[in-house]
K.L.:
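Submitted below is the structure of interest, expressed as structure tokens.
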Amino acid sequence: MRILIALAAALMVTGTTAAQAAAPAAMAAPNIDVANVRAHLTQFQSIASANGGNRAHGRPGYLASVNWVKSKLDAAGFTTRVQSFTYGGATGYNLIADYPGGDANNVIMLGGHLDSVTAGPGINDNGTGSASLLEVALQMKATNFQPTKHVRFGWWGAEELGLRGSTAYVNSLSTTDKSRIKAYLNFDMTGSPNPGYFVYDGADGQPSGSVALQQRLQAGFTAIGVQTELTRVGGRSDHAAFARANIPTGGTFTGAEQTKTAAQARKWGGTAGQAFDRCYHRSCDTTSNINATALDRNADVIASTLWAVAA
């Protein structure tokens, strides 16, 4: 997560209809095994440890992360490509993965940034979103999910330096290709150690259709008994380039260096008066800096949302 995200007033998801919360397509989604997600995080940690302690843009740990994720997706039958771009005198990389089948004129895209800051391995920011997306993608293959819409994933480079990779990707698309992407869902920091449960505010200057994505994500949390709050994301993570292209956006977030309030601690547990992530952009953002329950819940919501919107 590049910049502090301001939190909106709390929104308990009581307005979601029972039909939304129990939509058949959402119920068909698999339960994502958090042990698998954590195993991916362990791999990211090992890559960082072997490459100077980080996975940052222009550093060997980042390209090693791209290559490892690509290898997992290639083995699962995805069509992958690595898009390069240049920033700050260094080559950056985006990894794009397309799931076979579905309507190519009706694309649902999910993404998150794969890079860390130079100060540390970036396991919560944003190994968590990256690993969760990887496991959800692998479960599409494992469960033989056959969506009517085409599903594409993106792992972005150089987010920490100003959303460089996702911007390069969107800018590379033709007007027609942009119009084919009907939704973009972004997952950036989904396992904060003192977590909150935030959903991107679709009415906060986002394109038409974003509120529907917000409500679908909220319904996913409601279905597992978790209250949420809205967060105003503005232009501060990788959804921004898609929003500028008038593509509906949504996403989830478990908090960065902001302080958890007493009301939030009563609602979600954890410790009031402390940051959601005390290791935000620090060397201690390791595999020890993860709340497994938050990681598990967010991964399940990613899956239930994808199964619902792509069916």
Side-chain angles (χ1 to χ4, degrees), residues 19-20 23-30 69-70 73-74 76-85 93-113 129 132-134 136-157 163 165-187 200 202-203 205-217 219-220 237-252 301-311:
Q20 286 174 307
M27 293 302 289
V69 174
K70 184 178 186 298
L73 294 164
D74 287 342
F78 281 76
T79 299
T80 65
R81 68 183 179 94
V82 176
Q83 178 192 43
S84 62
F85 61 93
Y93 304 94
N94 294 323
L95 174 61
I96 311 300
D98 285 271
Y99 187 67
D103 181 359
N105 291 311
N106 199 341
V107 177
I108 304 300
M109 191 163 187
L110 302 86
H113 73 91
S132 296
L133 288 167
L134 174 58
V136 168
L138 297 178
Q139 288 304 311
M140 292 181 72
K141 173 67 173 181
T143 61
N144 195 31
F145 181 38
Q146 297 181 0
T148 60
K149 299 173 185 175
H150 184 74
V151 177
R152 179 178 301 149
F153 292 84
W155 285 265
W156 311 120
L163 319 178
S166 54
T167 300
Y169 172 74
V170 174
N171 288 349
S172 75
L173 299 176
S174 68
T175 299
T176 298
D177 285 338
K178 290 174 186 175
S179 71
R180 289 174 174 148
I181 303 175
K182 306 304 182 184
Y184 173 74
L185 295 164
N186 192 63
F187 301 97
Y200 290 12
Q206 301 304 301
S208 176
S210 299
V211 171
L213 295 175
Q214 167 204 307
Q215 292 171 342
R216 180 57 252 176
L217 290 161
S237 193
D238 286 304
H239 68 288
F242 293 85
R244 287 193 296 270
N246 204 35
I247 296 167
T249 64
T252 69
V301 168
I302 294 170
S304 67
T305 302
L306 174 57
W307 260 246
V309 302

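In this text, all values refer to a predicted model and were calculated from it rather than measured experimentally. In what follows, residues are counted from 1 in the order of the sequence shown.
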K.L.:
When the ring planes of F153 and F78 are compared, do they come out parallel, tilted or perpendicular, using 30° and 60° as the limits?
P.N.:
perpendicular
K.L.:
In Å, rounded to the nearest 0.5 Å, how long is the span from NZ of K141 to OG1 of T143?
P.N.:
10.5 Å
K.L.:
Does atom NZ (K178) have a neighbourhood of more than 12 heavy atoms from anything else shown, all under 6.0 Å?
P.N.:
yes
K.L.:
Show the numbers, then the answer: is there a side-chain contact (heavy atoms from CB on, under 4.5 Å) between L134 and L73?
P.N.:
CA-CA 8 Å; L134 174 58; L73 294 164; 3.9 Å; yes
K.L.:
Please give me the minimum heavy-atom distance between A203 and Q214, naming the atom from each residue.
P.N.:
N-OE1, 4.1 Å
K.L.:
Hey, does L173 have a side-chain heavy atom less than 4.5 Å from the side chain of I181?
P.N.:
yes
K.L.:
Using the ring of each side chain (for Trp, its six-membered ring), is Y169 parallel, tilted or perpendicular to F242, with breaks at 30° and 60°?
P.N.:
tilted
K.L.:
Enter the distance from T305:OG1 to L110:CG here, rounded to the nearest 0.5 Å.
P.N.:
8.5 Å
K.L.:
Could you report the tightest heavy-atom contact between N246 and P207, atom names first, then the distance?
P.N.:
OD1-CB, 3.5 Å
K.L.:
OG1/T176 to CG/N105 distance, rounded to the nearest 0.5 angstrom?
P.N.:
9.5 Å
K.L.:
Start with the C-alpha distance between Y200 and H239, add both sets of side-chain angles, then the distance that settles side-chain contact (heavy atoms from CB on, under 4.5 Å), and finish with yes or no.
P.N.:
CA-CA 10 Å; Y200 290 12; H239 68 288; 3.9 Å; yes
K.L.:
With a 4.5 Å limit on heavy-atom distance, are the side chains of D238 and Y184 in contact?
P.N.:
yes
K.L.:
How many angstroms lie between atom CG of L217 and atom CG of L213, to the nearest 0.5 angstrom?
P.N.:
7.0 Å
K.L.:
At what distance, to the nearest 0.5 angstrom, does CD1 of I96 lie from CH2 of W155?
P.N.:
9.0 Å
K.L.:
By the definition salt bridge (Lys or Arg N to Asp or Glu O under 4.0 Å), identify the one residue from K149, R81, R152 that meets it with D98.
P.N.:
R152
